[in-house]
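Take a look at the structure below.
These values consider heavy atoms only, across backbone and side chains, with no hydrogens, waters or symmetry-generated copies.
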Amino acid sequence: MARSEVTIDLGALRRNVARLLEALGGAELWAVVKADGYGHGAVDCGRAALDAGATALCLATVAEAVEVRDALPEARIIVFGLTDEIALAREARFELCVGENVPEGVPVHVKLDTGMGRWGVSELRAPQRNVVGLMTHLATADNDPEFARRQIERFHAATEQYAHLTRHVANSAAALRLPEARFDAARCGIALHGLSPFGTDAAEDGLEPVLSWRSEVALVRRLHPGESTGYGRRFIAERETWIGIVPVGYGDGFRRDLTGTHVLVGGERRRVVGVVSMDAFAVELDRELPVGTEVTIVGPGVPLEDHARVAGTITHDLASGIESGPTRARRLVLGA
């Protein structure tokens, strides 16, 4: 097999769309597939989301959006990031998200800063003719709902007189837990891909992970007491210890700070030991296993949320860093 295999289950994604639409109670679902669909594949996931009931796709840059437009010529596409490529956006029929400067000749969504402290205007002026939507970005929907509610209240007060425009506030966390954030549409990315925006078990919110990642044991070694594995001798055997070497490393997206996490080796949880290198990591075994034993890096029993807790980060960060290009992994898409 290839060094590793990344599987994308579009059936799970479609079920996540149905779950989010249920939570939104009539508001539209806009599927966020930026950063190549959080590492899941923007085109495959975007097409499946639209088929399942999403009404628009959201990308970060014009360049990302062009790639999706080539594959999905009829999709409604909204570009989040600021850009000066107005002519290209107009030609490709994109909608743009803007702050102070509203370009002419292209549909735009004006962003109001209600507490994120980043992009957007602090005060909303009467929208120009080509403004089709009003939006804000919640800073704490996943961990401080009270602050999020204050943002929602500010947005509602500022935009109430423009309710004829499409108003959108909710991200994945707000779509699932804050019904007052629904408005007309919600922009959901991480939940679309079956990952918890709260860092907990995604099943608690009725979501199914879309991505799984597998490899195999490429080498088995026995370390004697005092022997080590990996750079810097960070793991030194205190007793006779079997280790398995898995041909996946930070060059594939299995980061250096994942030392200490667990993977499944032959269906059993095993600890990652030593320093993760660019092309390999080591797991501690309880016995000698045959070369070729399956290793589940992400999948049932080893959700990405667990790895994120070990790395002190979020699932978005880990998922978008998984390298599933043909030079590093085999990529399987189910249900396309």
Report yes or no: do Val106 and Trp119 belong to one cluster of Ile/Leu/Val/Met/Phe/Trp/Tyr joined by side chain heavy-atom distances under 4.5 Å? no

Determine the minimum heavy-atom distance between Ile243 and Leu285, stating which atoms define it. C-CD1, 3.8 Å

Donor-acceptor contact present, side-chain Arg331 to main-chain His40, <3.5 Å: yes

Anything under 30° is parallel, anything over 60° is perpendicular, the rest tilted; go ahead and classify Tyr38 against His193. tilted

Looking at Ala203, is its backbone amide N or carbonyl O close enough to the side chain of Asp201 to form a donor-acceptor pair, meaning the two atoms are under 3.5 Å apart? yes

Return all side-chain donor-acceptor pairs below 3.5 angstrom for residues 263-275, not counting sequence neighbours, or 'none' if the list is empty.
unit_1	atom_1	unit_2	atom_2	d
Glu268	OE1	Arg270	NH2	2.6
Glu268	OE1	Arg287	NH1	3.2
Arg269	NH1	Gly301	O	3.2
Arg270	NH2	Asp286	OD1	3.1
Arg270	NH2	Asp286	OD2	3.1
Arg271	NH2	Glu284	OE1	2.8

Salt bridge between Arg149 and Glu146, side-chain N to carboxylate O under 4.0 Å? yes

Which ILVMFWY residues can you reach from Met278 by hopping between side chains whose heavy atoms are under 4.5 Å apart? Tyr250

Arg187 and Met135: CA distance, side-chain angles, deciding distance, side chain to side chain contact (heavy atoms under 4.5 Å, CB included) verdict: CA-CA 10 Å; Arg187 312 177 301 266; Met135 62 186 292; 3.9 Å; yes

For Ala141 and Phe198, the nearest pair of non-hydrogen atoms, with its separation, is O-CE2, 4.0 Å

What's the spacing between Leu24 CG and Trp30 CH2 if we round to 0.5 Å? 12.0 Å

Check whether any side-chain N or O of Arg255 sits under 3.5 Å from a backbone N or O of Leu318 as a donor-acceptor pair, and report yes or no. no

With a 4.5 Å cut-off on side-chain heavy-atom distances among I, L, V, M, F, W and Y, is there a chain of contacts connecting Leu219 to Trp242? no

Would the number of heavy atoms belonging to other residues, nucleotides or ligands and lying under 6.0 Å from CD of Glu123 be above 12? no

Using the rule side chain to side chain contact (heavy atoms under 4.5 Å, CB included), only one of Ile322, Val6, Val248, Leu304 pairs with Ile297; which is it? Val248

Counting only heavy atoms from other residues, nucleotides and ligands, does the tally under 6.0 Å from OH of Tyr231 exceed 12? no

Linking I/L/V/M/F/W/Y whenever any side-chain heavy atoms sit under 4.5 Å apart, do Val132 and Phe80 land together? no

Taking the side chain as every heavy atom from C-beta outward, state whether Leu176 and Leu20 have any pair of such atoms under 4.5 Å apart. yes

For the pair Asp205 and Arg177, find out whether any cationic side-chain nitrogen is under 4.0 Å from an anionic carboxylate oxygen. yes

Kindly give the heavy-atom pair with the smallest separation between Gly206 and Asn16, and that separation in Å. O-OD1, 4.3 Å

Atom OG in Ser320, atom CG in Asp36: separation rounded to 0.5 Å? 10.0 Å

Starting from the C-alpha separation in whole Å, work towards a yes-or-no answer on salt bridge (charged side-chain N to carboxylate O under 4.0 Å, His left out) for Glu153 and Arg150. CA-CA 5 Å; Glu153 289 167 3; Arg150 289 200 293 273; over 6 Å; no

Nearest 0.5 Å please: distance from the OG1 atom of Thr241 over to the NE2 atom of His224. 10.5 Å

Check whether any side-chain heavy atom of Asp44 sits under 4.5 Å from a side-chain heavy atom of Leu13, and report yes or no. no

Pairwise distance OG(Ser324) to CZ(Arg330) - rounded to 0.5 angstrom: 13.0 Å

Within the side chain of Ser212, is there an N or O that forms a donor-acceptor pair under 3.5 Å with the backbone of Gly299? no

Separation between CD1 (Ile77) and CZ (Arg69), nearest 0.5 Å, reads 4.0 Å

Closest non-hydrogen atoms of Gly335 and Leu10, given as atom of the first, atom of the second and distance, are O-CB, 3.9 Å

Would you mind listing the cluster partners of Leu334? Hydrophobic ones only (ILVMFWY), side-chain contacts under 4.5 Å, chaining allowed. none

Enumerate donor-acceptor pairs with a distance under 3.5 Å from any side-chain N or O in residues 309-316 to protein atoms, sequence neighbours excluded.
unit_1	atom_1	unit_2	atom_2	d
Arg309	NH1	Gly199	O	2.5
Arg309	NH2	Asp306	OD1	2.4
Thr313	OG1	Asp317	OD2	2.7

Between Arg93 (side chain) and Pro73 (backbone), is there a donor-acceptor pair under 3.5 Å? yes

Between Gly194 and Leu207, what is the shortest heavy-atom contact and its length? CA-CB, 4.1 Å

How long is the straight-line distance from CG of Leu332 back to CG of Asp9, given to the nearest 0.5 Å? 11.0 Å

Could you walk me through whether Phe254 and Val246 satisfy the side chain to side chain contact (heavy atoms under 4.5 Å, CB included) test, starting with their C-alpha distance in whole Å, then the side-chain angles of each, then the deciding distance to 0.1 Å, before giving a yes or no? CA-CA 11 Å; Phe254 193 83; Val246 182; over 6 Å; no

Any chain of hydrophobic side-chain contacts (each under 4.5 Å) joining Val333 to Leu211? yes

List the steps and the verdict of side chain to side chain contact (heavy atoms under 4.5 Å, CB included) for Phe281 and Thr259. CA-CA 9 Å; Phe281 67 84; Thr259 295; over 6 Å; no

Mind listing the side-chain donor-acceptor pairs of residues 155-166 below 3.5 Å, one per line with the distance, residues two or more places apart or on another chain?
unit_1	atom_1	unit_2	atom_2	d
Thr159	OG1	Phe155	O	2.8
Thr159	OG1	Arg167	NH1	3.0

Is the side chain of Asp113 donor-acceptor paired with the backbone N or O of Met116 at a distance under 3.5 Å, no angle test? yes

Heavy-atom distance under 4.5 Å between the side chains of Val283 and Val295, does that happen here? no

Thr55 and Glu28: side-chain donor and acceptor closer than 3.5 Å? yes

Report the C-alpha distance between Lys34 and Glu64 in whole Å, list the side-chain angles of each, state the deciding distance to 0.1 Å, and finish with yes or no for side chain to side chain contact (heavy atoms under 4.5 Å, CB included). CA-CA 7 Å; Lys34 60 183 179 177; Glu64 283 185 344; 3.6 Å; yes

Going by the rule ring-ring contact (aromatic ring centres under 6.0 Å, His included), which residues pair with His307 if we only count those two or more places apart in sequence or in a different chain? none

Tell me whether the count of non-hydrogen atoms from other residues, nucleotides or ligands lying under 6.0 Å of CD in Glu238 goes above 12. no

Short side-chain to backbone donor-acceptor contact, Asn171 and His137, under 3.5 Å: no

CG/Asn101: more than 12 non-hydrogen atoms of other groups inside 6.0 Å: no

When you measure from the side chain of Arg90 to the backbone N and O of Glu104, does any donor-acceptor pair fall under 3.5 Å? yes

Shortest non-hydrogen pair, Val169 vs Ala181, comes out as CB-O, 3.9 Å

I'd like to know if Val108 and Val62 are part of one continuous hydrophobic network [Ile/Leu/Val/Met/Phe/Trp/Tyr, side-chain heavy atoms within less than 4.5 Å]. yes

Does the pair Arg214/Glu5 count as a salt bridge with the N-to-O cut at 4.0 Å? no

Is Arg76 paired with Glu95 through a side-chain N to carboxylate O contact shorter than 4.0 Å? yes

Under 4.0 Å between a Lys/Arg side-chain N and an Asp/Glu carboxylate O for Glu323 and Arg328? no

Answer yes or no: are there more than 12 heavy-atom neighbours, outside Glu180 itself, under 6.0 Å from its atom CD? yes

